[in-house]
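Working notes for the structure below.
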Amino acid sequence: MIETRQLSKRYGEFTAVDAITFKVEPGQVLGFLGPNGAGKSTTMKMIAGFLGPSSGSASVCGHDVVDDALAAKRVTGYLPEGAPSYGEMTTRAFLNFIAEARGIRGARRAQRVEEVIERLHLHNVLEQSIETLSKGFKRRVGLAQAIVHDPAVLILDEPTDGLDPNQKFEVRNLINAMAKDKTIVVSTHILEEVQAVCTRAVIIARGKILADATPAELEARSRYHQAVSLTTTNLAGAKDVLARVADVAAVEYDTITRRLTAIPKPGRQIFAPISELLQAQGIAVSELQLESGRMDEVFRTITHGDLGEDLAEEARA
Ligand code: ADP
């Protein structure tokens with residue numbers, strides 16, 4: 001559905017996107033993950049046809065975004081970062097305008113606009129000017145304009161950025177619902193989002209792809225994959241138990257959460273022996289959990305602690 005080949009963008013001497021090659025198959029939700037300044041927006045703008053590549057190519061549904069730009073845009077819906085729109089227009093006028101610009105006319109236009117109003121629950125804000133809407137509703141209007149022509153492919157640039165937790169949850173649900181009949185690329189720097197909506201994640205930093213895997217595969221790279229965490233009032237007793245389990249490689253204690261974590265030797269299972277020994281020793285635990293892995297640690301390791309341009313600048317200052 002989407003294919004990029006050695007896709008690159010240079011601004012003068014600076015290479016923002018550096019020979020990125022990937023494919024997105026039908027039905028996938030690809031998470032584009034990376035620190036600020038990694039090149040996510042630039043890549044998405046090129047796929048959406050809003051920015052010409054310096055070299056390399058990209059295609060959507062087999063249409064090259066440069067040579068066959070109109071056909072590529074017809075099958076693509078794009079939500080730019082921050083969901084820009086025309087603030088003085090009402091929601092209804094804006095959606096009609098976008099539908100018209102997309103070449104949808106007459107009864108079909110009325111039907112499509114009605115469908116997106118329904119899908120994004122916009123009934124109560126139709127006559128309100130967009131600049132007076134809450135951020136959550138503005139984002140919904142942004143999503144509505146992106147799907148009004150019923151595209152096969154959706155490119156969503158930081159769709160939950162700046163929203164409160166409830167609004168984030170709602171937008172993620174909307175993305176999951178749209179994933180049933182669309183191929184989606186969604187950029188984010190929020191790790192939990194990858195687990196919440198993506199079937200696959202591409203991690204980029206400084207314009208290059210550093211990992212391309214499913215969220216579960218990424219978690220499996222964590223040193224906390226298959227680790228066992230527990231909380232107990234008998235800390236000394238629990239530490240003693242963990243020290244006696246042969247396949248435990250290391251034990252960590254988090255002074256803030258007051259959790260003990262046992263990390264297994266590679267490929268080893270330690271949950272059963274730990275829980276059996278705790279029981280045998282009569283050590284009560286209020287929580288005993290098998291961890292799937294910690295995305296934040298994997299992300300830091302893969303991006304080599306790349307802080308992103310804003311934080312890196314602060315660190316230098
Ligand atoms: P992300 O979306 O991952 O935060 P961007 O794609 O927005 O990253 O930016 C990648 C890099 O390219 C950043 O260093 C950014 O400052 C730079 N950049 C983006 N747009 C321009 C531009 N129009 N001119 C010069 N540099 C730019």
Side-chain angles (χ1 to χ4, degrees), residues 2-22 24 29-58 60 65-66 69 72 76-84 135 138-139 142-143 146 153-163 168 171-172 175 184-198 200-213 215 218 295-296 298-317:
I2 304 171
E3 190 170 0
T4 72
R5 293 164 231 91
Q6 301 290 311
L7 187 66
S8 302
K9 183 71 191 178
R10 287 177 287 280
Y11 295 112
E13 294 288 285
F14 178 71
T15 303
V17 175
D18 196 357
I20 279 187
T21 299
F22 67 87
V24 193
V29 179
L30 178 76
F32 225 45
L33 196 64
N36 286 330
K40 303 183 293 294
S41 286
T42 306
T43 305
M44 295 180 116
K45 280 179 195 163
M46 289 192 281
I47 297 170
F50 277 74
L51 198 62
S54 305
S55 59
S57 63
V60 183
V65 297
V66 176
T76 307
Y78 175 46
L79 176 69
E81 198 174 1
K135 262 189 184 171
K138 276 188 189 141
R139 206 59 58 93
L143 284 166
V153 164
L154 258 185
I155 311 285
L156 308 175
D157 197 351
E158 306 246 0
T160 62
D161 193 42
L163 300 183
K168 279 192 166 83
V171 169
R172 284 175 195 155
I175 295 171
I184 303 178
V185 179
V186 50
S187 73
T188 181
H189 57 264
I190 306 166
L191 297 166
E192 65 190 57
E193 204 139 286
V194 174
Q195 279 140 319
V197 301
C198 301
R200 197 175 125 212
V202 162
I203 297 183
I204 73 166
R206 303 196 182 278
K208 287 194 164 70
I209 292 184
L210 302 181
D212 184 345
L218 287 176
M295 281 289 262
D296 56 341
V298 175
F299 183 72
R300 269 199 310 274
T301 309
I302 290 175
T303 60
H304 303 293
D306 193 322
L307 295 167
E309 57 178 15
D310 301 344
L311 287 172
E313 218 151 82
E314 261 171 46
R316 278 195 296 274

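Ligands are counted one by one from 1 in listed order, and the atoms in each one are counted from 1 as well. Just so you know, these numbers use all the heavy atoms, side chains as well, and skip hydrogens, waters and symmetry mates.
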In this structure, which one of K208, K9, R10 forms a side chain to side chain donor-acceptor pair (under 3.5 Å) with D18?
K208
Using the test side chain to side chain donor-acceptor pair (under 3.5 Å), find all partners of T160 that sit at least two apart in sequence or belong to another chain.
E193
Near A16 (heavy-atom distance under 4.0 Å), the atoms of ligand 1 are 11 (C), 12 (O)
Taking side chain to side chain contact (heavy atoms under 4.5 Å, CB included) as the test, write out the residues that go with R5, two or more places apart.
E3, S57, S59
Would you say G34 contacts ligand 1, with heavy atoms under 4.0 Å as the rule?
no
Can you tell me how far the NZ atom of K40 sits from the OG1 atom of T188, to the nearest 0.5 Å?
8.0 Å
Hey, what do you get for CG (L30) to CG (D212), rounding to the nearest 0.5 Å?
7.0 Å
Show me which atoms of ligand 1 lie under 4.0 Å from any heavy atom of P35.
3 (O)
Based purely on interatomic distance, does F14 place a nitrogen or oxygen under 3.5 Å from a nitrogen or oxygen of ligand 1?
no
Taking only non-hydrogen atoms of N36 and a 4.0 Å limit, the atoms of ligand 1 in range are 4 (O)
If hydrogens are left out, which of T42, T43, D157 has an atom nearest to atom 5 (P) of ligand 1, that is, the closest non-hydrogen atom?
T42
